[in-house]
Novice: 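First, the structure itself, so that you have it in front of you.
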There are 2 protein chains.
Amino acid sequence: MNAGSDQDRRIRILLAEDQAMIREALATLLDLEPDMRVVGQVGRGDQVADAVTALGGVDVALLDIEMPGLDGLSAAAELRRRHPETKVVVLTTFGRPGFLRRAMEAGAAAFMVKDAPAARLAEAIRRVLAGERVIDPDLAAAALADGVNPLTGRERDVLAASADGSVNAEIADKLCLSEGTVRNYLSACIQKTGARNRAEAVRIAQEKGWL
Amino acid sequence: MNAGSDQDRRIRILLAEDQAMIREALATLLDLEPDMRVVGQVGRGDQVADAVTALGGVDVALLDIEMPGLDGLSAAAELRRRHPETKVVVLTTFGRPGFLRRAMEAGAAAFMVKDAPAARLAEAIRRVLAGERVIDPDLAAAALADGVNPLTGRERDVLAASADGSVNAEIADKLCLSEGTVRNYLSACIQKTGARNRAEAVRIAQEKGWL
DNA sequence: AACCTCGTATGACAACCGTCATGCCCACAG
DNA sequence: CTGTGGGCATGACGGTTGTCATACGAGGTT
């Protein structure tokens with residue numbers, strides 16, 4: 001198993017992805033590259049930074065966004081604090097402009113979507129190690145075109161709390177607000193997203209990665 | 001590429017999955033098994049049956065549920081009609097009881113969730129070829145416990161049409177119904193799901209795989 | 001100091017939504 | 001041939017939601 005022994009010069013990779021089958025398949029794929037080696041795998045975002053510490057550092061952390069415990073973007077931010085030398089590649093199912101923006105803010109060096117060809121993944125890892133940043137041009141354009149998240153912090157809170165179908169009274173309760181205030185915030189969210197009701201506002205905000 | 005030549009006895013597999021990176025990674029994984037060979041890959045549900053025809057038949061079709069064009073469950077049903085000898089393995093991100101139920105109705109021989117260990121996939125394929133059915137026991141129990149979909153066909157239509165945040169008038173328009181009828185159906189959906197409004201009804205129905 | 005944005009709140013009004021009773025037609029099972 | 005269940009419709013009622021005007025304090029900018 002430890003073929004390269006103490007002189008192994010391959011790129012050391014930590015893989016974080018919650019779906020075991022996908023995680024193992026990606027690990028197999030990367031291990032087939034002659035210059036790469038997956039030295040650790042985790043299935044939760046909150047295990048990322050600890051795993052890097054336990055491994056004595058890695059060259060690249062490949063992080064899925066959709067993970068239990070801590071999402072990949074927050075995990076990237078934590079990693080940046082605790083292991084600033086580690087390069088972060090964010091991998092996601094959904095190419096949402098807001099996700100790209102947040103990934104960049106969290107210090108990610110690359111942003112990949114899962115429907116890109118597999119060969120691009122290894123390529124991105126090599127380019128990141130060479131100091132480049134790797135971002136899908138279409139996605140970058142979309143992120144710029146969409147502009148910044150127009151929702152204020154509190155508006156996001158209220159909209160997110162409404163996403164599961166809670167009624168005003170419950171949202172007010174959860175966030176310790178008056179019911180009228182909840183209505184005001186939701187009204188603002190609806191106008192800013194251009195929606196016609198809270199449900200559509202939730203959908204639009206999620207599509208753009210604003211929640 | 002054609003290592004086994006005309007005497008190849010390996011299991012011939014068609015892989016249908018929309019995310020190219022995942023699809024290629026799974027293909028790599030399965031091709032590493034000495035007795036398996038991925039002979040075709042497609043990224044859309046509506047290409048499944050045609051691909052099997054073009055390949056002159058396959059032993060196993062591995063179908064993701066979440067696909068553009070035609071979802072994996074409908075693709076499985078089409079495959080059953082056009083190539084009844086092909087074994088179908090359904091693979092999905094979401095282990096929803098309703099999905100399992102529909103997969104079985106569509107004639108699937110196995111139902112796998114993507115967070116199972118990768119080794120189980122190859123194992124499932126071999127067992128399916130041996131004539132077994134392979135289903136996660138937890139999921140089977142959940143499917144039985146949940147009972148059948150209580151929504152009538154039209155109730156499903158209306159609830160599905162409301163999922164994107166459309167208002168009653170739009171739903172009525174889309175389905176050529178009166179606005180009052182839309183309200184009646186949605187009211188029924190809300191009661192049958194035990195929800196407090198349409199948004200929650202949509203969430204619950206989706207969780208159970210009723211849409 | 002004047003101004004802006006954000007968070008919070010209230011009250012009023014109109015529009016929309018959820019419920020219920022009731023009716024009709026059609027198909028299918030008993 | 002008489003229930004029973006699904007599909008469709010109307011009307012009425014009360015509750016929820018969306019909008020708007022207005023207000024106040026805290027924090028930051030000009």
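Throughout, protein chains are lettered first and strands after them, A, B, ... in sequence-line order, and every chain is numbered starting at 1. From a predicted model like this one, the values you see are computed outputs, not experimental measurements.
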Novice: On DNA chain D, check which nucleotide each of B:T181 and B:K192 is closest to and give me the residue with the more 5' one.
Specialist: B:K192

Novice: Does the side chain of B:S178 get closer than 4.0 angstrom to OP1 or OP2 of D:dC8 through an N or O atom?
Specialist: no

Novice: Let me know, please, whether A:E179 or A:Y185 comes out on the 5' side of the other along DNA chain C by nearest nucleotide.
Specialist: A:Y185

Novice: Are a donor atom and an acceptor atom from the side chains of B:N168 and B:R198 found within less than 3.5 Å of each other?
Specialist: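 Checked: B:N168/B:R198 side chains pair up, N/O donor to acceptor below 3.5 Å.
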
Novice: Can you measure B:L186 atom CG to C:dC20 atom C1' for me and round it to whole angstrom units?
Specialist: 16 Å

Novice: Under the criterion salt bridge (Lys or Arg N to Asp or Glu O under 4.0 Å), I'd like the reasoning laid out for A:E207 against A:R203: C-alpha separation, chi angles, the key distance, then a yes or no.
Specialist: CA-CA 6 Å; A:E207 268 168 19; A:R203 188 175 57 79; 3.2 Å; yes

Novice: For a quick check under 3.5 Å, do A:K174 and A:S166 share a side-chain donor-acceptor pair by atom type?
Specialist: yes

Novice: How many Å lie between CD1 on B:I190 and C1' on D:dG15, as a whole number?
Specialist: 13 Å

Novice: Output the rounded distance in Å from CZ (B:R183) to P (C:dT22).
Specialist: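 After rounding, the reported distance stands at 18 Å.
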
Novice: Round to a whole Å and report the spacing from CG of B:N197 to P of D:dT17.
Specialist: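 Value for this atom pair: 7 Å.
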
Novice: Among A:E24, A:E17, A:R23, whose side-chain hydrogen bond (donor to acceptor under 3.5 Å, both in side chains) with A:Q41 holds?
Specialist: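 Of all the options given, the one that passes is A:R23.
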
Novice: In whole angstroms, how far is the P atom of D:dG5 from the CD atom of B:E155?
Specialist: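 From B:E155 CD to D:dG5 P: 13 Å.
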
Novice: In whole angstrom, give the distance that lies between atom CG of A:N168 and atom P of C:dG11.
Specialist: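 After rounding, the gap between these two atoms is 16 Å.
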
Novice: Between P on D:dG6 and CG on B:D157, what's the gap in Å once rounded to a whole number?
Specialist: 14 Å

Novice: With a non-hydrogen cut-off below 4.0 angstrom, is A:T152 in contact with a base, only sugar-phosphate, or nothing?
Specialist: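 Contact class for A:T152: sugar-phosphate only.
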
Novice: So does A:Q191 get a side-chain nitrogen or oxygen closer than 4.0 Å to the phosphate oxygens (OP1/OP2) of D:dG18?
Specialist: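 For A:Q191, the contact criterion (side-chain N or O under 4.0 Å from OP1 or OP2 of D:dG18) is not met.
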
Novice: Between D:dC8 atom C1' and B:I171 atom CD1, what is the distance in whole Å?
Specialist: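 So the CD1-C1' distance, B:I171 to D:dC8, works out to 16 Å.
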
